Protein chains: 2
Amino acid sequence: MGKTRSAPTLNDVASHAGVSTATVSRCLNSPNQVVETTRVRVLQVIEELGYTPNFAARVMAAKRSFTIGAIIPTMDNAIFARGLQAFQNELRQNGYTLLVSSSDYKPEIEKEQIRALVARGADGLLLIGHERENEIYDYLKRHQVPALVAWSYLPDARQPSVGFSNRDAMFALAQDVINTGHRRIAMISGVTAGNDRAQRRVQGVRDALQANGICADDMRVIETTYEIDSGAHAFRDLMSRTPRPTAIICGNDVLAVGALREARRMDVSVPDEVSITGFDDIELAEIASPALTTVHVPHREMGRKAAQELIAMVNGTSKGVSTCIDTHIVYRASLATPPNGA
Amino acid sequence: MGKTRSAPTLNDVASHAGVSTATVSRCLNSPNQVVETTRVRVLQVIEELGYTPNFAARVMAAKRSFTIGAIIPTMDNAIFARGLQAFQNELRQNGYTLLVSSSDYKPEIEKEQIRALVARGADGLLLIGHERENEIYDYLKRHQVPALVAWSYLPDARQPSVGFSNRDAMFALAQDVINTGHRRIAMISGVTAGNDRAQRRVQGVRDALQANGICADDMRVIETTYEIDSGAHAFRDLMSRTPRPTAIICGNDVLAVGALREARRMDVSVPDEVSITGFDDIELAEIASPALTTVHVPHREMGRKAAQELIAMVNGTSKGVSTCIDTHIVYRASLATPPNGA
DNA sequence: TTGTAAGCGTTATCAT
DNA sequence: ATGATAACGCTTACAA
């Protein structure tokens, strides 16, 4: 008995309201083109039937989805969370929906996700960092999907970006570390392969050493994944050498917190025996003890501006303008003068 | 000159390969139904043209998208990150793509996101917690989109769930706090309105007090948003009363870490003057100092099992079976016996 | 094994 | 202001 009622379509609404499908469509998309009386009636039927448009059909017909996709390396820590939240808020206010997926820092997965999002009709994409196969950019171009890069600012890259100069930010931090008196500086970096942000952060440190007459080639750099455990492991490794570094600059706060944890376990005092710095200034940085000296990245501002620019690109209002966001250093307890005699 | 080359379609592939669109489609979806020689040729053309199927069209025709949607309350902290990552990994291995969106703990936004995901053809949905308008469940039923609830286990709820008993987990923790000697216990809870997990955690504490002959009505409970700052603020509030509580049970690790931070600022020693506990056991819990005694939730296991169950539901293999995941308590430095004379 | 053709639920172009 | 109707790109009976 009672036949299974399945999702109503535009057609159902049209017949119930005694109008054509075109009229119903107009009620939804350009309400002012339809006279009040019929509009009210149609809207009522829509309500009664609990109708919601089928996006697949809509996308196919309109070639527009009001959906933006973002592919981030990981959701596993807070690095991208805050910026993305701001990005989403701004999109929402402009009638766009954000769909996120994460690549686990793996280029092949990222490629797959990009295709998935484009195939699902994303009007535009937010990508993290510049470095990826040209094939991907060709694909996006062919499909005419604008893409904006964030978390990195490179003025003359192929894609427009809203971000900051990873190299300059790290240079400034390293300069401060040097000014504090450190000479034996080591670094725990994220994996640099395929990650221009990580590469440039290392470069920033190198350049600062060079600029201060310290031989950058001597600097020990350990590359590892952006995880607390990895940071911890790298710290132990670094501290088992002689002479020990007096300061360890970490590629981000997660690594730095891992280093801090290991220091506690090894009973190495921070910052008395060794200074540690981070990058990003996520909540972890303030919570850690000692709290981390780190580079503050205005994530929310970056997210908001990225959304605005990407929307403009999708609208055709902008061809893609790059914006550089300022970062600054936050001084906390983890950085201090090196131990005497170091 | 040179005409603008836009994305190739099935049709383009078909004509270049000298076959019908049906054959091309079969090459992609059921390769064994087409003879090797033609398959190779078709695949080659696909490669040459850089063809990728249009999902909107595919979804419309096949009524299947191999996409799963998840709506989580927030990406702003790591609470949902780990479980979601495991969820996504499992989905990927089974050929599904995960699309995530976040509701910022707002029911209206969540409703909107659910509709967005369903409209985009999601085959199934992962939802956090049970409590939401019935209208939403009706909507999902009407659209025949299976939904699984996670982060909460309620055997006789309308929706199947893969999660844990928030009430029992918190009961056990509260019992431990009491066993440690505490009697003046206060609580910092997340907002309970519309959040069954928060509600049940409070209930767990109440029940434990009752079970030990302590009047639960006297317990001070502050409800606030799940943010570090909120936890800090609530802590200050709680500690400004006389007599002060000797233990503060927090609704999750984020709140507890906020409390810890404020304790440091107020120069209140934890756990000497007051004990603090968390819930979730995210990385923050171990990093905090003192490290948090908290309820460990096996997020990865939950994510993995949720993915398996949801896939089964989408396949029609399962009508939705609920699973209860075991939690356990992790003892760290933030919980100790109450101060003498308390 | 392969081709033909009828949808799938919209939007958009023309008419009216 | 409204109605027909042709796309949109793909899947899938059904035929051959």
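Source: prediction; values computed, not measured. By convention in this document, chain letters (A, B, ...) are assigned in the order of the sequence lines, proteins followed by strands, and residues within each chain are numbered from 1.
- Spacing between atom CE of B:Met60 and atom C1' of C:dG9 amounts to 5 Å, rounded to whole angstrom units.
- Counting heavy atoms from C-beta on, the side chains of A:Arg300 and A:Asn89 never come closer than 4.5 Å.
- Distance, A:Arg120 CZ to D:dC8 C1': 18 Å, rounded to whole Å.
- Contact annotation: B:Ser20 reaches the phosphate of C:dG3 (side-chain N/O to OP1 or OP2, under 4.0 Å).
- One can place CG of A:Asn29 at 17 Å from P of C:dG9, the figure rounded to the nearest angstrom.
- For B:Val35, taking side-chain heavy atoms from C-beta onward, the closest of the listed nucleotides C:dT13, C:dT10, C:dT1 is C:dT1.
- Rounded to a whole Å, the CG atom of B:Asn54 is 18 Å from the P atom of C:dC8.
- Across the protein-nucleic acid pair, B:Asn11 atom CG and D:dC10 atom P stand 8 Å apart, rounded to whole Å.
- Mapping B:Arg26 and A:Ala56 onto DNA chain C by nearest heavy atom places B:Arg26 at the nucleotide closer to the 5' end.
- One finds a side-chain N or O of A:Ser25 lying less than 4.0 angstrom from the OP1 or OP2 phosphate oxygen of C:dT11.
- Remark: C1' of C:dA12 and CZ of A:Arg58 are 13 Å apart, rounded to the nearest angstrom.
- Applying the 4.0 Å criterion to OP1 and OP2 of D:dT2, one finds that A:Thr23 has every side-chain N and O outside that range.
- Proximity of A:Thr38 to the phosphate of D:dT2: a side-chain N or O atom is located under 4.0 Å from OP1 or OP2.
- A:Val59 comes within 4.0 angstrom of nothing in the nucleic acid, heavy atoms only.
- Within the 4.0 angstrom heavy-atom criterion, only backbone atoms of the sugar-phosphate kind lie near A:Ala62; the bases stay farther away.
- When rounded to the nearest whole Å, the span between CZ of B:Arg64 and C1' of D:dT11 equals 14 Å.
- B:Gln88 contributes a side-chain N or O that, together with a main-chain N or O of A:Ser102, makes up a donor-acceptor pair within less than 3.5 Å.
- With hydrogens and angles disregarded, a donor-acceptor distance shorter than 3.5 Å links the side chain of A:Ser65 to the backbone of A:Gly121.
- At least one donor-acceptor pair closer than 3.5 Å links the side chain of B:Asn54 to the backbone N or O of B:Ala56.
- Between A:Thr21 and A:Gln33, the residue anchored closer to the 5' end of DNA chain D is A:Gln33, taking for each the nucleotide with the nearest heavy atom.
- Between the C1' atom of D:dC10 and the NZ atom of A:Lys63 lies a distance of 13 Å, rounded to the nearest Å.
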